[in-house]
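Following: one structure in structure tokens, then a few remarks.
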Amino acid sequence: MSSFLIVAIDGGAASGKSSTSRALSERFNFLHVDTGSYYRAITAELLRRSLRVDQIDAVKAAIPSLHFGTQVDGRAARMEIGGRVVPEAEIRGPEVTAAVSHFAAIPEVRAALLAYQRGQADVARTHGFRGLVMEGRDIGSIIFPNADLRFYLHADVEARARRRELEGRADAVAERDRMDATRKTAPLVLASGAIDIDSTYLNLEQVVDKIAGLIAAKLG
Ligand code: CDP
């Protein structure tokens with residue numbers, strides 16, 4: 001039995017992390033943190049400042065001026081940069097989707113987010129949530145290696161590319177996975193001890209039920 005639970009959900013592009021995490025946050029009154037949206041918000045802001053992925057020194061120099069904050073919107077945490085939440089339409093747009101894995105591979109960008117992401121547990125506690133469900137690529141390996149539960153969502157690459165197509169979003173799923181899995185700092189990996197779920201032939205409800213059963217057991 002635990003009074004506040006931290007659940008980590010990692011997986012490749014379009015593996016169903018966001019829908020699963022959102023459903024879990026509603027079922028258990030957890031704060032939902034989509035760390036991909038944080039990397040996307042930073043990418044949008046850097047692009048807005050006309051910085052390119054190959055201007056590593058200029059990107060590093062810009063980091064201290066980003067000033068992160070958090071806005072809690074229902075059960076979702078949204079990152080503020082300089083007091084402004086970057087709009088969803090902007091962070092899901094094709095320019096950000098094409099650039100995000102490049103910026104996310106820069107160690108200084110990841111370092112800038114490390115303490116901020118860990119601090120989201122305090123945001124959740126302060127707002128009276130029963131736990132935190134955090135999704136990303138390195139949550140169970142780097143951000144919360146001691147999370148109460150850690151999951152890794154798999155799905156074959158064709159199934160994931162199809163999901164994006166159905167959403168009408170341009171997204172080179174396999175290429176983003178390749179970049180995320182091969183970068184030096186905090187690559188996408190099945191963390192040792194994480195529970196591996198293959199969602200290729202499961203629907204959202206089946207995935208959520210599988211994870212929810214384990215959360216319910218922990219909550220007692
Ligand atoms: O589009 P999808 O929901 O699959 O991806 P996302 O979760 O929005 O993440 C966008 C990108 O951010 C990923 O492709 C990674 O390059 C990066 N990311 C990361 O490096 N580490 C995380 N914890 C989360 C996202």
Side-chain angles (χ1 to χ4, degrees), residues 6-23 32-47 53 59 63 68 76-79 81 86-121 132-145 147 150-191 194 199 204 207:
I6 295 183
V7 177
I9 302 190
D10 290 305
S15 57
K17 301 179 302 293
S18 291
S19 326
T20 304
S21 303
R22 197 175 307 116
H32 171 205
V33 176
D34 170 5
T35 61
S37 76
Y38 295 172
Y39 283 96
R40 286 170 177 273
I42 292 174
T43 299
E45 175 63 19
L46 295 172
L47 292 176
V53 290
V59 168
I63 290 170
F68 303 139
R78 312 234 181 263
M79 171 184 263
I81 298 183
V86 185
E88 276 291 298
E90 206 175 310
I91 70 173
R92 306 283 160 199
E95 291 81 10
V96 169
T97 298
V100 61
S101 291
H102 296 272
F103 285 115
I106 301 173
E108 286 78 4
V109 169
R110 307 199 71 83
L113 267 177
L114 186 76
Y116 174 78
Q117 289 172 99
R118 290 188 178 147
Q120 301 286 285
L132 172 74
V133 54
M134 183 176 277
E135 51 157 316
R137 303 292 188 289
D138 58 348
I139 312 307
S141 56
I142 307 282
I143 308 300
F144 286 121
R150 295 177 300 142
F151 296 93
Y152 188 94
L153 292 192
H154 267 108
D156 74 36
V157 75
E158 285 81 20
R160 294 187 285 126
R162 243 188 339 267
R163 285 177 196 164
R164 278 295 184 261
E165 248 175 67
L166 287 171
E167 291 169 5
R169 285 171 57 189
D171 193 352
V173 164
E175 175 56 14
R176 269 206 294 139
D177 272 4
R178 190 193 61 74
M179 287 196 59
D180 292 341
T182 55
R183 69 178 170 228
K184 289 205 177 70
T185 310
L188 168 66
V189 67
L190 169 60
S199 74
L204 173 64
V207 175

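Start at 1 and go down the list; that is how both ligands and their atoms are numbered.
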- Task: Would you check if Arg118 and Ile143 make a side-chain contact, meaning some heavy-atom pair closer than 4.5 Å?
- Result: yes
- Message: Contact between Leu113 and Ile42 at the side-chain level, heavy atoms closer than 4.5 Å - yes or no?
- Response: yes
Applying a 4.0 Å heavy-atom criterion (strictly less than), which segment of [X] is in contact with ligand 1: side chain, backbone, both, or neither?
{"X": "Arg183", "result": "side chain"}
{"X": "Arg92", "result": "side chain"}
{"X": "Ala14", "result": "backbone"}
{"X": "Arg164", "result": "side chain"}
{"X": "Arg40", "result": "side chain"}
{"X": "Arg137", "result": "both"}

Would you say ligand 1 has an N or O under 3.5 Å from any N or O of [X]?
{"X": "Asp171", "result": "no"}
{"X": "Tyr39", "result": "no"}
{"X": "Ser15", "result": "no"}

- Message: Would Lys17 count as a contact residue for ligand 1, given that I'm defining contact as a non-hydrogen atom of the residue lying under 4.0 Å from a ligand atom?
- Response: yes
- Is the Tyr38 to Tyr116 ring centre distance short of 6.0 Å? yes
- Item | Residues Arg178, Glu175: salt bridge by 4.0 Å N-O rule | yes
- Taking only heavy atoms of Arg110 into account, list the atoms of ligand 1 that are under 4.0 Å away from them. 19 (C), 20 (O), 21 (N), 22 (C)
